2 protein chains.
Amino acid sequence: MAGRPQERSRTIADVAARAGVSLSTVSRVINGTAKVDEALAAKVRAAADELEYTASPLARSLVLGRTNTVAVVVPDLENPTFHGVLRGLSRAAARDGYHVLVADSAESVEEERILAVETRRRCDGIVLCAPRMPEEDLRRLLRQLDPVVLVNREARGSSAPAVTADYRSGLTDLLELLRADGHRRLLYLAGAPQSSSNFQRLAALRDFGVLHPEVAVEVTPCGVNFADGHDAVDRVLASGATGVLGFNDLVAMGLMSGLGERGLRVPDDLSVTGFDDIPFARYLTPPLTTASVPVAELGEQAWHRMAELLGSRTPGHTILFRPRLEQRGTTGPAPASPGARP
Amino acid sequence: MAGRPQERSRTIADVAARAGVSLSTVSRVINGTAKVDEALAAKVRAAADELEYTASPLARSLVLGRTNTVAVVVPDLENPTFHGVLRGLSRAAARDGYHVLVADSAESVEEERILAVETRRRCDGIVLCAPRMPEEDLRRLLRQLDPVVLVNREARGSSAPAVTADYRSGLTDLLELLRADGHRRLLYLAGAPQSSSNFQRLAALRDFGVLHPEVAVEVTPCGVNFADGHDAVDRVLASGATGVLGFNDLVAMGLMSGLGERGLRVPDDLSVTGFDDIPFARYLTPPLTTASVPVAELGEQAWHRMAELLGSRTPGHTILFRPRLEQRGTTGPAPASPGARP
DNA sequence: ATGAAAGCGCTAACAT
DNA sequence: ATGTTAGCGCTTTCAT
């Protein structure tokens with residue numbers, strides 16, 4: 001004798017009727033917002049249980065002006081970094097009873113703005129990953145989106161808190177490592193030219209150039225994916241560099257794969273570094289030397305900043321994770337005779 | 001003379017007042033639901049533009065009984081399979097003007113049920129990935145969740161459409177490949193014992209055992225992660241198998257890493273296969289032989305099934321993607337003397 | 001073709 | 001302590 005599925009879910013009025021009380025009393029009992037006689041309260045709870053009542057989040061949101069939802073806007077759900085951020089954020093938010101909406105702008109900077117604004121209307125705040133948006137556009141957008149937390153970049157002139165990694169110091173560590181290993185010709189495979197984190201890496205390169213004029217550092221545009229790294233192999237070989245810094249782990253892996261196809265050995269012929277320390281990095285053969293960025297923690301901290309904003313507590317400060325150098329198997333002493341290659 | 005940020009967003013009443021018309025007229029113009037005099041319509045549009053008005057999705061949802069949102073519930077956002085599903089789903093849904101909510105049950109089967117039911121109230125339908133939920137519980141849950149689309153498993157006795165890969169045939173392909181390469185002792189590293197896709201793989205094992213009694217096939221519990229595969233290396237060596245089938249690519253990679261540490265070579269000493277064909281699989285050294293599952297398409301098709309359900313069109317049929325065998329570098333002829341190992 | 005008014009399900013004054 | 005009522009912002013009868 002299975003009952004047919006309930007056509008429409010129960011409303012607070014059903015519960016009130018069944019318990020023989022007013023709507024407000026039900027509301028008060030459910031939310032514990034005011035004192036209600038224990039006998040009545042019990043009746044209400046019983047009625048609610050019997051009807052399997054739960055309040056409509058929609059109706060509550062409308063009247064409370066609060067959705068208990070935040071959205072995370074990312075340029076590309078394919079990127080391992082955003083997986084981590086999303087995971088960290090989603091779990092942290094869930095612990096505080098918040099839901100998360102995810103919006104993927106599919107790499108389009110145009111879309112990103114529209115998407116963020118539209119999405120904003122369905123939630124209480126935005127966690128924004130917009131690495132390539134020009135800073136001026138970003139500032140304007142941030143005002144529309146408020147409250148908003150930035151991930152992986154900052155915005156000068158805005159009070160929006162950011163949660164990011166210190167890409168500059170991470171790359172500096174990698175550069176110093178290669179220098180200490182005797183490398184004197186280095187090549188950086190650049191990521192998206194407009195992106196904030198690429199910019200920071202270039203800054204590290206400049207600092208390094210000033211500090212160590214004896215080391216030649218070149219830059220070549222490359223990209224952010226495995227395929228980009230793979231395709232860069234010719235330029236890498238032509239450069240004569242003995243140490244190559246990939247924009248990220250994916251690029252480094254792609255390069256290593258291409259190098260392997262050419263019969264070159266890492267780190268014997270060439271040292272290679274990545275960036276991010278994605279889960280597989282340590283398991284490559286050889287394991288990838290990289291700068292480790294705690295992506296899930298980035299997401300978690302992004303939530304904490306957001307929670308502060310939502311609770312109108314003191315706006316949290318921007319927080320920077322310093323990447324940790326992971327010296328593994330793809331870097332080693334510079335080869336004695338860099339020219340001597342197959 | 002920058003205006004201060006608008007405190008509250010504009011309502012339809014603001015637009016009506018500014019255009020000198022009634023609320024209904026504004027609504028009709030905005031939604032194109034009825035004929036409105038062109039002159040009036042123009043005034044409304046102008047007013048809406050000037051006020052940067054967009055209707056509150058919340059209020060619309062409440063009155064329309066439709067949120068234009070679907071949720072995807074996954075057991076673990078860390079799993080590469082779900083990344084793909086989420087990506088495919090999110091983009092496909094976005095094309096149809098739908099938003100996506102993501103809920104991560106953090107592996108807890110208990111939570112999963114509560115989470116799904118709770119999340120369901122905030123959206124129009126659920127895309128459910130619940131590989132380990134007992135089938136009876138699942139059936140009950142499906143009724144509460146309706147409409148719902150299942151990913152990566154089916155539920156007998158329920159009309160909920162499913163989108164999944166045919167894990168059984170995928171594993172069969174892998175088994176046949178190893179057999180053709182002369183392997184006569186095989187070992188399967190099992191995933192989560194309760195999981196549907198593990199179950200299907202075991203079915204393939206049984207079929208294969210019947211068909212090819214000359215091949216010995218063992219099963220050992222292992223897991224679903226890199227670390228699980230890595231930790232299985234002792235059991236693998238003890239088994240005397242010359243061909244090992246990892247539950248998935250992660251497990252296979254972990255195993256290969258462990259094998260490497262022991263000085264064993266793949267595929268010379270041992271053949272290894274994965275499952276899924278995650279993005280890195282082809283780039284490992286050697287590239288991983290695996291059964292390719294198009295995860296993003298799984299997500300995309302899940303959306304299409306959901307869209308059918310939401311449009312109350314004929315409920316879509318369950319759809320099965322047949323994994324494609326990717327014969328790459330980790331499999332090869334069985335070694336002449338399987339016992340002769342370091 | 002347009003407007004007035006009811007109502008989606010809920011909360012929070014405001015009464016009592 | 002409990003009930004009555006207004007109202008969140010919108011769509012949709014129902015009149016005109």
Side-chain angles (χ1 to χ4, degrees), chain A residues 6-48 51-69 97 99 118 120-124, chain B residues 6-48 51-69 97 99 118 120-124:
Chain A
Q6 290 164 202
E7 286 312 316
R8 301 172 35 164
S9 69
R10 304 313 201 146
T11 75
I12 197 171
D14 297 326
V15 179
R18 183 168 246 256
V21 300
S22 74
L23 305 191
S24 356
T25 300
V26 177
S27 175
R28 288 193 266 253
V29 172
I30 304 266
N31 299 306
T33 36
K35 223 183 177 64
V36 172
D37 183 273
E38 185 46 46
L40 267 198
K43 267 162 71 171
V44 169
R45 275 189 282 267
L51 297 176
E52 298 186 350
Y53 171 78
T54 54
S56 154
L58 230 46
R60 298 197 79 228
S61 295
L62 184 60
V63 65
L64 294 177
R66 177 163 51 79
T67 59
N68 276 38
T69 299
H99 298 253
E118 214 236 294
R120 174 63 181 86
R121 301 228 46 195
R122 314 186 151 260
C123 61
D124 302 337
Chain B
Q6 291 163 202
E7 285 314 314
R8 302 170 39 163
S9 70
R10 303 314 201 147
T11 77
I12 197 169
D14 297 325
V15 179
R18 183 166 244 253
V21 299
S22 73
L23 305 191
S24 353
T25 299
V26 176
S27 175
R28 287 194 266 255
V29 171
I30 304 265
N31 299 306
T33 38
K35 224 182 175 64
V36 172
D37 183 272
E38 185 46 45
L40 267 197
K43 267 163 73 173
V44 168
R45 275 189 283 268
L51 297 176
E52 297 186 353
Y53 171 77
T54 54
S56 154
L58 229 47
R60 299 198 79 226
S61 295
L62 183 60
V63 66
L64 294 177
R66 176 164 51 80
T67 60
N68 276 34
T69 300
H99 298 252
E118 213 237 294
R120 174 64 182 87
R121 301 227 48 194
R122 316 188 149 257
C123 61
D124 302 336

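We name chains A, B, ... by the order of the sequence lines, and we start the count at 1 in each one. Note that the coordinates shown come from a computational prediction; the quantities given were computed from them, not determined experimentally.
The side chain of A:Ala59 lies closest to C:dC10, out of C:dC10, D:dC8, D:dT11. Looking at the side chain of A:Asp37, the nearest of the listed nucleotides C:dT11, D:dA1, D:dC10 is D:dA1. Candidate nucleotides D:dT11, D:dC10, D:dT2 were compared by shortest atom distance to the side chain of B:Ser56, and D:dC10 ranks first. Looking at the side chain of B:Val63, the nearest of the listed nucleotides D:dT5, C:dG7, C:dG3 is C:dG7. Here C:dA1 is the nucleotide among C:dG9, D:dT2, C:dA1 with the atom lying nearest to any side-chain atom of B:Lys35.
Atom CG in B:Leu51 sits about 15 Å away from atom C1' in D:dG9, given to the nearest Å. Distance, A:Leu23 CG to D:dG7 C1': 14 Å, rounded to whole Å. The distance between atom CG of B:Leu58 and atom C1' of D:dC10, rounded to the nearest whole Å, is 10 Å. Atom CG in A:Leu64 sits roughly 17 Å away from atom P in D:dG7 (whole-Å rounding). With rounding to whole Å, A:Arg122 atom CZ is found 21 Å from D:dC8 atom P. The interatomic distance linking B:Asp14 (CG) with D:dG9 (C1') rounds to 11 Å, in whole Å. For the pair A:Asn31 CG and C:dC10 P, the computed distance is 10 Å after rounding to whole Å. Atom CZ in B:Arg121 sits roughly 15 Å away from atom P in C:dC8 (whole-Å rounding).
Expressed to the nearest 0.5 Å, how far CD1 of B:Ile30 lies from OG1 of B:Thr25 amounts to 11.5 Å. From B:Ser61, atom OG reaches atom CG of B:Asp124 across 7.5 Å, with rounding to the nearest 0.5 Å.
Between A:Ile30 and B:Ala34, the residue anchored nearer the 5' end of DNA chain C, judged by the nucleotide with its closest heavy atom, is B:Ala34. Nearer to the 5' terminus of DNA chain D, by closest-nucleotide assignment, is the contact made by A:Glu38 (compared with the other of A:Glu38 and B:Arg60).
Proximity of B:Ser22 to the phosphate of C:dA4: no side-chain N or O atom is located under 4.0 Å from OP1 or OP2. Distances shown here put every side-chain N or O of A:Thr11 at or beyond 4.0 Å from the OP1 or OP2 atom of C:dG9. Contact between the side-chain N/O atoms of A:Ser27 and the OP1/OP2 oxygens of C:dC10 is not found at any separation under 4.0 Å.
Contact annotation: side chain of B:Arg10 to base of D:dG9, donor-acceptor pair absent below 3.5 Å. Judged by atom type and distance alone, B:Ser24 reaches the base of C:dA4 through a side-chain donor-acceptor pair under 3.5 Å.
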